[in-house]
2 protein chains.
Amino acid sequence: MGRTSTAKEKLIQSAIELIGTRSYNAVGVQELCDHSGVKKGSFYHFFPSKRDLTLEALDTMWNKFKELILDPIFNSDMSPVDKFSSLIKRSYEHQSSTKDCTGCVTGCGIGNLALELSTQDEIIRQKIEQIFEEWTQYFEDVIVDAINDGDLSVDTDPRSTSQAILAYMEGVSLMGKAFNDPGMISRLGEGMAQICISKIKTAAGEQVQRLA
Amino acid sequence: MGRTSTAKEKLIQSAIELIGTRSYNAVGVQELCDHSGVKKGSFYHFFPSKRDLTLEALDTMWNKFKELILDPIFNSDMSPVDKFSSLIKRSYEHQSSTKDCTGCVTGCGIGNLALELSTQDEIIRQKIEQIFEEWTQYFEDVIVDAINDGDLSVDTDPRSTSQAILAYMEGVSLMGKAFNDPGMISRLGEGMAQICISKIKTAAGEQVQRLA
DNA sequence: TATATAGTTTACCAACTAGTCAACTATAAG
DNA sequence: CTTATAGTTGACTAGTTGGTAAACTATATA
């Protein structure tokens with residue numbers, strides 16, 4: 001009953017774009033409304049606060065990222081190393097085209113909010129923690145497979161290793177943003193598979209070849 | 001001539017504390033003044049803008065970090081691996097005690113500003129880029145030594161590798177902040193030396209031992 | 001001791017902040 | 001066709017933002 005609306009979706013999309021290229025605190029409710037062509041009264045009809053919009057934007061970002069990037073790569077039959085390198089390749093391409101449009105490397109939208117808001121908003125921090133938890137799960141599954149295939153030592157800790165890989169990805173994004181250079185992402189991304197290789201099974205020289 | 005003052009130093013210190021534990025945009029000039037017991041008029045006597053205070057705070061942070069952490073470690077006679085692991089250890093201790101005081105892991109003050117402001121303030125981005133450049137130089141020197149000592153392959157790229165190490169450190173800080181868990185820093189920090197080891201010289205198995 | 005000047009203080013500004021509210025309007029479903 | 005209701009609108013807070021201006025005061029130096 002009543003009328004239908006696309007205002008909510010437009011606001012979420014604007015939040016992803018504006019907060020994604022600047023920051024949470026640098027983008028106001030008014031600007032979000034102007035950008036999406038929604039009046040402020042409608043904003044507060046759909047979202048109790050700017051924080052709640054951000055929470056939903058975070059969900060949308062994460063779901064799109066899974067659907068468009070993570071699922072296709074990690075449900076494929078690529079080798080572990082190829083999975084990680086296509087992830088880096090996609091990340092490079094995205095940051096590269098963003099820079100062509102806006103002049104700026106914007107980095108990872110989730111990582112950006114993590115650093116800006118983790119100490120200020122416990123609910124947002126928890127949402128990001130949960131996203132990071134899901135994200136590392138993709139990596140963990142690959143690592144467990146690699147251990148079962150004998151490509152990684154049985155005493156590799158899949159959880160810590162997958163967290164380390166995510167940490168490295170986020171760090172590489174940060175450097176790309178700080179240097180405003182998408183090339184940084186592809187250059188540093190090459191080293192990603194190395195995060196696992198100290199836990200190589202036996203004849204290390206040969207295994208290093210297999211992974212890197 | 002005229003009177004002397006400690007207001008400037010107090011403002012810089014407050015900026016480091018307040019912006020460091022929250023964010024640039026979350027801390028206002030008034031709060032900076034209240035926290036340091038300086039009137040707003042005095043603020044603008046010393047700094048033309050909040051941005052300029054932040055630029056000076058960034059300088060002070062970086063100089064203290066060099067003096068207290070980087071110089072003692074990297075001018076010592078430790079092995080390369082020991083240098084990196086004491087850096088991680090110090091980082092863990094710092095984040096851990098910060099959490100005890102404030103309840104929050106605050107991460108790296110420079111990395112925080114990098115993600116928040118790189119797309120919004122080109123001058124601040126450039127200052128951070130320059131700090132990161134200096135920072136990686138410490139690592140690069142160690143890597144060059146390791147190459148000369150035969151511990152790393154001659155085709156290791158010292159610049160990319162040192163940038164990769166800084167990226168990993170920043171990423172680990174980000175994860176520590178996102179999970180609000182200082183333990184993350186020590187746990188993930190263990191894997192840091194692995195960033196270099198794929199470029200291991202010849203008998204990889206033996207070299208891995210030497211590094212990790 | 002005189003004084004130029006560095007530093008302090010107060011009151012102020014215009015613009016903006018997140019958020020409220022009540023009147024209004026279009027429409028989906030009975 | 002009716003009507004309950006989802007969505008829209010614009011005017012409105014109360015507080016905050018970064019920054020300004022001018023009068024005032026303490027003091028280092030000559």
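- For A:S153 and A:D155, the side-chain atoms include at least one donor-acceptor pair closer than 3.5 Å.
- Here the C1' atom of nucleotide D:dG18 and the CZ atom of B:F47 are 15 Å apart, to the nearest Å.
- At a threshold of 4.0 angstrom between heavy atoms, the contacts of A:G28 are confined to the sugar-phosphate backbone, with no base atom among them.
- Place B:E31 and B:T4 on DNA chain D by their nearest nucleotides, and B:E31 ends up nearer the 5' end.
- Using modelled atom types and a 3.5 Å distance limit, the side chains of B:Q126 and B:E122 yield a donor-acceptor pair.
- In this structure, the NZ atom of B:K39 is 17 Å from the C1' atom of D:dT20, given to the nearest Å.
- Distance B:Y44 OH to D:dG19 C1': 5 Å, rounded to the nearest Å.
- Proximity of a side-chain donor or acceptor of B:E116 to a complementary backbone N or O of B:N25 within less than 3.5 Å is detected.
- Straight-line distance from the CG atom of A:N25 to the C1' atom of D:dT16: 13 Å, rounded to whole Å.
- In 5' to 3' order, the nucleotides of DNA chain C bounding all contacts with chain B (an atom under 4.0 Å from a heavy atom) are C:dT5 to C:dT10.
- Rounded to whole angstrom, the span from the CZ atom of B:F46 across to the P atom of D:dG19 amounts to 17 Å.
- Looking at B:S118, its side chain never comes within 3.5 Å of a backbone N or O of B:L115 through a donor-acceptor pair.
- Contacts of B:S5 with the nucleic acid, taken as non-hydrogen atoms under 4.0 Å apart, involve only primed sugar atoms and P, OP1 or OP2.
- Between B:R3 and B:P48, the residue anchored closer to the 5' end of DNA chain D is B:P48, taking for each the nucleotide with the nearest heavy atom.
- Ring geometry for B:Y168 versus A:Y168: interplanar angle of 30 to 60°, hence tilted.
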Taking it one step at a time, do B:D52 and B:S49 satisfy side chain to side chain donor-acceptor pair (under 3.5 Å)? CA-CA 5 Å; B:D52 291 85; B:S49 72; 2.5 Å; yes
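- Put simply, the residue from B:W135, B:F139, B:F65 that forms a ring-ring contact (aromatic ring centres under 6.0 Å, His included) with B:F74 is B:F139.
- No contact: B:F43 has no heavy atom under 4.0 Å from any strand.
- Annotation: of the two residues near DNA chain C, A:Q30 and B:G37, the 5′-most nearest-nucleotide partner is B:G37.
- The base of D:dG18 lies close enough to the side chain of B:K40 for a donor and an acceptor atom to sit less than 3.5 Å apart.
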